[in-house]
Amino acid sequence: MYHNFPSWEYKGYTYHGWDDVGDDVVKIWHDIKDPEGLHIDGPWSPYVVPTLEEFTVFCREIEERKLKDDGQ
């Protein structure tokens, strides 16, 4: 393992990062599960691990979009 990934949860969302090791580069995949267990790709660069603040801001943005989509 190349990166030490945090394990975060925020209002039912969970973050899990993992390394995709290639021949000459290691990229990070940012897997997020929403409260219903659906998979969401994180928006961050494949070369950085997001902070807890960045993760929670992203989750809040998802919630805001859901409210708009529901007409609230």
Side-chain angles (χ1 to χ4, degrees):
M1 186 158 195
Y2 293 89
H3 295 93
N4 184 17
F5 292 103
S7 178
W8 291 318
E9 185 172 342
Y10 177 77
K11 294 188 176 184
Y13 292 87
T14 58
Y15 172 85
H16 173 73
W18 57 277
D19 289 318
D20 182 10
V21 181
D23 291 336
D24 60 347
V25 69
V26 177
K27 292 184 179 182
I28 301 168
W29 286 92
H30 307 286
D31 291 339
I32 298 170
K33 293 222 190 262
D34 74 4
E36 292 140 15
L38 300 174
H39 175 266
I40 303 167
D41 290 323
W44 307 284
S45 163
Y47 302 104
V48 298
V49 177
T51 65
L52 175 58
E53 175 74 15
E54 290 168 330
F55 171 68
T56 57
V57 166
F58 179 68
C59 295
R60 283 187 229 127
E61 289 171 354
I62 292 170
E63 288 296 307
E64 288 173 9
R65 277 186 251 142
K66 283 182 181 179
L67 287 174
K68 285 182 184 177
D69 290 346
D70 290 343
Q72 297 182 4

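- Atom NZ of K66 has more than 12 neighbouring heavy atoms from other residues, nucleotides or ligands inside a 6.0 Å radius.
- Interatomic distance, OH of Y15 versus NE2 of H30, reported as 5.0 Å (0.5 Å rounding).
- When every heavy atom of F5 is checked against every heavy atom of G17, the shortest pair comes out as CD1-O, 3.3 Å.
- In this structure, the separation between NZ on K33 and CD on E9 is 13.0 Å, given to the nearest 0.5 Å.
- The side-chain hydrogen bond (donor to acceptor under 3.5 Å, both in side chains) test applied to D20 returns W29, not counting sequence neighbours.
- Note: L38 CG to I40 CD1 = 7.5 Å, rounded to the nearest 0.5 Å.
- Closest non-hydrogen pair, G42 versus I32, comes out as CA-CD1, 4.0 Å.
- Side chains of P6 and V49 form a contact here, defined as non-hydrogen atoms less than 4.5 Å apart.
- Note that CD1 of I28 is 11.5 Å distant from CH2 of W44, once rounded to the nearest 0.5 Å.
- Panel note: side chain D19, backbone V21; no donor-acceptor pair is recorded below 3.5 Å.
- Checked against side chain to side chain contact (heavy atoms under 4.5 Å, CB included), D24 has no partners two or more places apart in sequence or in another chain.
- D31 contributes atom CG, which lies 6.5 Å from atom CG of D41 (distance to the nearest 0.5 angstrom).
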Run the side-chain donor-acceptor check on residues 58-65: report pairs under 3.5 Å with partners two or more places apart or on a different chain.
from : atom 1 : to  : atom 2 : distance (Å)
R60  : NE     : Y10 : OH     : 3.2
R60  : NH2    : T56 : OG1    : 3.4
E63  : OE2    : Y13 : OH     : 2.2

